[in-house]
Enquirer: 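Before we start, here is the structure in question, set down as structure tokens.
Protein chains get the first letters and strands the later ones, always in sequence-line order, with residue 1 at the start of each. Note that the structure is a prediction, hence the values are computed from the model and not measured.
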Amino acid sequence: MIELNINGRTHAIDADPNTPLLYVLRDQLALSGAKFGCGLGQCGACTVMVDGQATFSCLTPISVLPGRRIKTVEGLGTIEQPGPLQRAFIDEQAAQCGYCIAGMIMRAQALLEKNPSPSDAEIRRHMMPNLCRCGTHMRILRAVRRAAERMRVTAARETQPPDS
Amino acid sequence: MNLKTILAGSTLLGLLASGGSVDRPLVAAVPASPERASFDAALVAKGAELAAVGNCRSCHTQPGGEPFAGGLPLSTLFGTIYSTNITPDPDTGIGRWTGEDFLRAMHDGVDRGGRQLYPAFPYDHFTRVTALDVAAIYAFIMTREPVRAETPPNRLRFPARFRPAIAVWKALYFEPGVYRPDRSKSAVWNRGAYLVDGLAHCGACHTPRNALGGENKRQDLGGGEAERWHASSLTETSPAPVPWSTDELYDYLRRGHEQRHGIAAGPMAPVVHNLSGAAEDDVRAIAVYVASRMQRPESARPGAADAAVATAKEREAGAVGGAAGGNATSTGDGASVFAGACAGCHGAPPASPSAAPVALGLTTSVNAPDPRNAIHIVLEGLWPEPGAKGALMPGFAGELTDRQVIALVDYLRARFTERPAWTDVPERVKEIRQAMQSER
């Protein structure tokens, strides 16, 4: 048994330690946001976060994960209450077929948690490993910028005294 | 005390006596930049090819910046130096420099105003370049787009901050003079030696340096370092299991990868990217010369290369089969990390012929005396220059903890080579990880 901390909950997993995290998420835990694209770390559809860093779950054996914090797109919000990045992707209609989007959101989330005001060049460089075959990159970039802005406004509001 | 030390000491005394000024007159101001049209198109084209060999663009351009506008920080033993703007902008670049000023900088390491130049600008190599070739490079540089960009001030420690101290360094390590051909060798060999020792300044990274940053010429091209990467030996001490042939070197320098040796990465990636714009004959000449420097007795043994390839392939296939067993459950186990994270590409039948990675046992990085290149590639992966074709390997900085990276790197060394284990992997992983975070 291998214990994995996913979206704040601990799961005991019964699987070969070499099993990629992606298979465990999708087949055992019904967390099907992350997608299987290439299985080689070349497309980013499987991206999740491990200890705050964007990670290809198709290339990450569960043996390396005990004691680490895993976050998937399901951990960012719900259908009723989407998180800021999910909201921004909906507002910008950044998905066409949508297959790459969970990976895109998770890679962007890792960026915004470290750097709340990335420049355009920084967003482009950071998002480079993730591909979209439909070609919605421009909308994806807009969505990341929009989410960053919204998160900054929210953070500013939270740090101000309520009556100001 | 040897002659050089005495010479350096007396140079320093002389400088102090003269108040630190350099014994070269300031150049009279040139009213304007030379006209673009005054340069011959053929000379400019030749200069472009030579500038590609000189890799000028890599140091004189910052990431995302205008070409040749400088500003790239170079960390040296003595602090940080920023590369200068060498576009023909009259105020912040070299727009007012004459051909003679440019030649003096290349040959003597002195700028237009008479100031000593830091040897991060490798004039100890450029001094070997003929005046004709320097004139072509000058024509190319002076016909680039002028860019207004101030160079940030250097952040250096004493005594390096004190420019006249550079004269001492020069007295010790700088031997001016153009390349002298070796009459016993072919013309193409001499062309290669001229380029390698001069314009291409391969030794700036591939020759080890001493505590004062001088190249140790007794180990010329014997392996050095660049930006926390190991620069492999280009002599008979090369760690490559398959001896490099001229054709293989040519392919590597021209395309950035070679199926029996590896892929150009780290600071070598922009070098080969630039060499794709160099004259084909010049790249071939470099390959001829370097291959001759790498000659070792067993290079000639028939079948040696094929045997090395067969062994490497066998080991890789075996690693996949062996490591998939059920005993590799410990999280620190390098074999288990390899099976889960690496074996999908390294050992499995490739998804397409073009996706076949170089067999790990053949790579210079896993066979090198220094683990840094292997660690860099595990953490950062391999990425082609933006917009260019090339090998793509994802980095595992996010996937793996330091402990797991150490276990994996030790496993790669033990599993795929017969060389002694590296002893400094933990420190090196820490160093490289820290550098990656500060660059972010």
Side-chain angles (χ1 to χ4, degrees), chain A residues 1-4 15-24 36-44 46-71 103 106-107 110-111 113-115 118-122 124-131, chain B residues 62-65 320 322-346 348 350-352 354-357 378-387 391-405 407-408 433 436-437 439-440:
Chain A
M1 284 292 197
I2 289 181
E3 287 202 345
L4 298 183
D16 186 305
N18 294 336
T19 310
L21 171 63
L22 178 66
Y23 299 0
V24 171
F36 182 94
C38 64
L40 300 167
Q42 315 258 313
C43 78
C46 68
T47 306
V48 301
M49 285 165 67
V50 174
D51 289 341
Q53 290 212 51
T55 298
F56 297 118
S57 64
C58 75
L59 290 182
T60 308
I62 54 171
S63 66
V64 306
L65 293 171
R68 304 175 70 190
R69 287 171 300 113
I70 300 158
K71 200 190 275 183
M106 293 315 289
R107 187 162 298 273
L111 173 66
E113 284 186 14
K114 273 208 192 74
N115 177 2
S119 67
D120 247 31
E122 284 170 326
R124 281 168 183 265
R125 197 167 63 221
H126 179 87
M127 299 301 289
M128 193 169 65
N130 287 41
L131 307 179
Chain B
Q62 56 176 319
V320 182
N327 61 346
T329 49
S330 139
T331 53
D333 190 342
S336 154
V337 174
F338 183 86
C342 317
C345 294
H346 292 280
S352 75
S354 64
V378 165
L379 289 175
E380 298 160 21
L382 297 165
W383 296 93
E385 301 273 304
L392 199 163
M393 171 183 143
F396 288 82
E399 277 79 351
L400 304 177
T401 63
D402 282 5
R403 215 160 51 92
Q404 291 157 356
V405 173
L408 173 62
R433 194 75 98 160
M436 282 172 74
Q437 262 144 19
E439 276 158 23
R440 211 165 265 149

Enquirer: Considering non-hydrogen atoms only, spot the tightest contact between L40(A) and C345(B) and give its length.
Expert: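 Closest approach of L40(A) to C345(B), heavy atoms only: CD2-SG, 3.3 Å.
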
Enquirer: What distance do F396(B) atom CZ and T60(A) atom OG1 have between them, rounded to the nearest 0.5 Å?
Expert: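 Going from CZ on F396(B) over to OG1 on T60(A), the span is 7.0 Å.
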
Enquirer: Please find the pair of heavy atoms, one from L59(A) and one from P394(B), that lie closest to each other, and give the distance.
Expert: CD1-CG, 3.5 Å

Enquirer: Give, for atom CZ of R68(A) and atom CG of L400(B), the distance between the pair rounded to the nearest 0.5 Å.
Expert: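 Separation between the atoms: 7.0 Å.
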
Enquirer: Indicate yes or no: at least one non-hydrogen side-chain atom of S336(B) is less than 4.5 angstrom from one of N18(A).
Expert: yes

Enquirer: Side chain from CB out, backbone as N, CA, C, O: work out which of these in P20(A) comes under 4.5 Å of a heavy atom of chain B, or both, or neither.
Expert: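 P20(A) has no heavy atom closer than 4.5 Å to chain B.
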
Enquirer: Any idea which heavy atoms bring M128(A) and W383(B) closest together, and the distance?
Expert: CE-CE3, 4.3 Å

